[in-house]
Amino acid sequence: MANVLTPQGEDFPRWYQDVIAKAQLAENGPAKGSQVIRPTGFALWERMTAELDERIKETGTENASFPLLIPESYFTREADHVEGFAPELWMVTHGGGKELEEKLAIRPTSETVIGEYMAKWINSYRDLPLLLNQWCNVMRYEMRTRLFLRSSEFLWQEGHTVHETYEDAHAFTLRILHEVYADFIENVLALPVLRGIKTEAERFAGALNTFAVESLMRDGKALQMGTSHELGQNFAKAFDIQFQGRDGQQHHGWTTSWGVSTRMVGGLIMGHGDDAGLRVPPNLAPVQVSVMVVKDTDEVQAAAKKVYDELKDAGLRVKLDNRGDVAFGRRAVDAELKGYPVRIELGPRDLKNGEATIASRVEGTKRTVPIGMLAEAVAAALEEAQQQLWDEALAFRESHTADVATVEEAVEAAQTGYARVPWDACGVEGETKAAQSSVTVRVLQREDGSVPDSLDESGLIAYLARSY
RNA sequence: CGGGACGUGGCGCAGCUUGGUAGCGCACUCGCUUUGGGAGCGAGGGGUCGCAGGUUCAAAUCCUGUCGUCCCGACCA
């Protein structure tokens, strides 16, 4: 296997950058912190959006679109929110060559504008719940940026809902966490997640509670993959989201917001990638199978085209690599960099035997199968690859999670993965202390691994780790 | 913003110490031979050395400033 990347064990951040460059996923944009997502990288994001959008709609949420520019004054209406986001705002000060009377913020998140409109659209409890989502770009000023993981501008999905009661809002916040985010990340991305509640220090600005899903990267650092916030009545009061209740009285709604971003592409890269490049789980892969012409002859070309058509008809996402002017080795390396789960290699030797060579990216193995049985063989190989990526990621997490009793031990253990410690033994003081060593509390769980309803519960378990 | 490293054809680098008008590998173009794990030979194209000042007869090289990139922090999806 050719050594095209800096090995992970040698320099993980360098490896990450190498993969993104060599697999042609993204590169820096001209303005500081901006990024250009290239077709190969964007295809991954498109598949993520398709899978997530389906799950989001399954909850009854509808898509809409709100403005990019938000009047500055909107941000001052919720005290914690403005305090949290003011340092990150990009502000538009001029339009049409003139200075604006009121500055316009480029949205860093849209609770404020959307809140304004939700207030207009809600009159009665019969209008609830109001379940909205938008796919858009947002901008946050960032000190230090890294492709996909933290860029000034990024793509995401932000859901915003209003509910009649606390209970309904709370249940919906958790439904998104479990049925949309965790389900997608585990079943499609094949990355196990820790689900839990965030500590006060890690909570969203203006929220009552923030719930999150976290995954462990192959360098032992955690990545927040998605968050779901229970906003209480904070934003409802700030934006006057009121409705007439069943009792005839006016009540403030209970709102939620939740999002996942292009950061997840970074999570996919670092959660599964190896020294040969990306490893994309088949359930996500924009290209599940690449049919490769090994030798550029008429017979091989015709056979490859036929195989390509058959697999496509079988419902697989297939790419035909029939380039005759690029050496086979180069194309094979490229397929590995881009992480195509399965390759089918067709050459004169295979055809003579009525066979095709099928190569698995995850297992790193090759075998031959009769051409007539390709469709089943490929389907089986894809299923195996999905399962193996999951098994590996789960085993990695298990072997990189340590039970400890004190904050000191947690900081030590967090150098290689998660440290699990009773929240009572850590607490806010312990959290502050750990933060000095760049170790943070990722989530709190109940002892049985379930998600707490609030931070008030006793006997919670804290997961500490270094994080992105 | 604090600490460290670095900006030279698309990418990776050398040249800088000791100023003299830019070179290597890969990529790219053309031709021929090739294609079962990054092909070979031959011929080509492409760079005001991040930017702005300064010193000098002369600056990629020395000085000052500035912008940007990467790593480690603080902030964060």
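Just so you know, these numbers use all the heavy atoms, side chains as well, and skip hydrogens, waters and symmetry mates. It should be emphasised that the depicted structure is a prediction, and the values quoted were computed from it without experimental measurement. First the proteins, then the strands, lettered A, B, ... as listed; each starts at 1.
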Counting the atoms with a prime plus P, OP1 and OP2 as sugar-phosphate, which does [X] contact under 4.0 Å by heavy atoms, base, sugar-phosphate, or nothing?
X: A/V326; result: base
X: A/R323; result: nothing
X: A/A435; result: sugar-phosphate
X: A/G324; result: base
X: A/L149; result: base
X: A/S437; result: nothing
X: A/P87; result: nothing
X: A/Q224; result: sugar-phosphate
X: A/G259; result: nothing

Once you round it to whole Å, what is the distance between [atom2] of [N] and [atom1] of [X]?
X: A/I185; N: B/rA77; atom1: CD1; atom2: C1'; answer: 12 Å
X: A/K198; N: B/rC76; atom1: NZ; atom2: P; answer: 11 Å
X: A/K295; N: B/rU34; atom1: NZ; atom2: C1'; answer: 9 Å
X: A/R442; N: B/rC76; atom1: CZ; atom2: C1'; answer: 10 Å
X: A/W90; N: B/rA77; atom1: CH2; atom2: P; answer: 17 Å
X: A/E27; N: B/rU69; atom1: CD; atom2: C1'; answer: 13 Å
X: A/Q17; N: B/rC6; atom1: CD; atom2: P; answer: 17 Å
X: A/N353; N: B/rG36; atom1: CG; atom2: P; answer: 18 Å

Between the base of [N] and the side chain of [X], is one N or O donor paired with an acceptor at under 3.5 angstrom?
X: A/R331; N: B/rG36; result: no
X: A/K366; N: B/rG36; result: no
X: A/R150; N: B/rC76; result: yes
X: A/D350; N: B/rG36; result: yes

On a whole-Å scale, what distance lies between the P atoms belonging to B/rG45 and B/rG40?
22 Å

On a whole-Å scale, what distance lies between the P atoms belonging to B/rU17 and B/rU66?
24 Å

Would you call [X]-[Y] a salt bridge at under 4.0 Å N-O?
X: A/K198; Y: A/E214; answer: yes
X: A/E27; Y: A/R38; answer: yes
X: A/R55; Y: A/E51; answer: yes
X: A/E142; Y: A/R144; answer: no

Find which nucleotide of RNA chain B each of A/G226 and A/V293 is nearest to by heavy atoms, and output the residue with the more 5' nucleotide.
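Its nucleotide being nearer the 5' end, the pick is A/V293.
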
When A/R203 and A/R466 are each assigned the nearest nucleotide of RNA chain B, the 5'-most assignment goes to A/R466

Can the positive tip of A/R140 be found less than 6.0 Å from the middle of the six-membered ring of A/W156, inside 45° of the ring normal?
yes

Within 45° of the six-membered ring axis of A/Y74 and under 6.0 Å from that ring's centre, is NZ or CZ of A/R77 located there?
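Pair A/R77/A/Y74 counts as cation-pi.
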
Identified pairing partner of B/rC1, criterion: Watson-Crick or G-U wobble below 3.5 Å:
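By the stated definition (distances under 3.5 Å), B/rG73 pairs with B/rC1.
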
Paired with B/rU64: which nucleotide, if any, by Watson-Crick or G-U wobble criteria at under 3.5 Å for both distances?
B/rA52

Considering just the side-chain nitrogens and oxygens of A/R146, establish if one lies under 4.0 Å of OP1 or OP2 belonging to B/rC71.
yes

Phosphate contact (B/rA74 OP1 or OP2) by A/S438 side-chain N/O below 4.0 Å:
yes

Are A/F154 and the base of B/rA77 stacked, counting only ring centres nearer than 5.5 Å and planes tilted under 30°?
yes

Could you tell me whether the side chains of A/N283 and A/R47 share a donor-acceptor contact shorter than 3.5 Å?
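The answer is no; no qualifying pair exists.
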
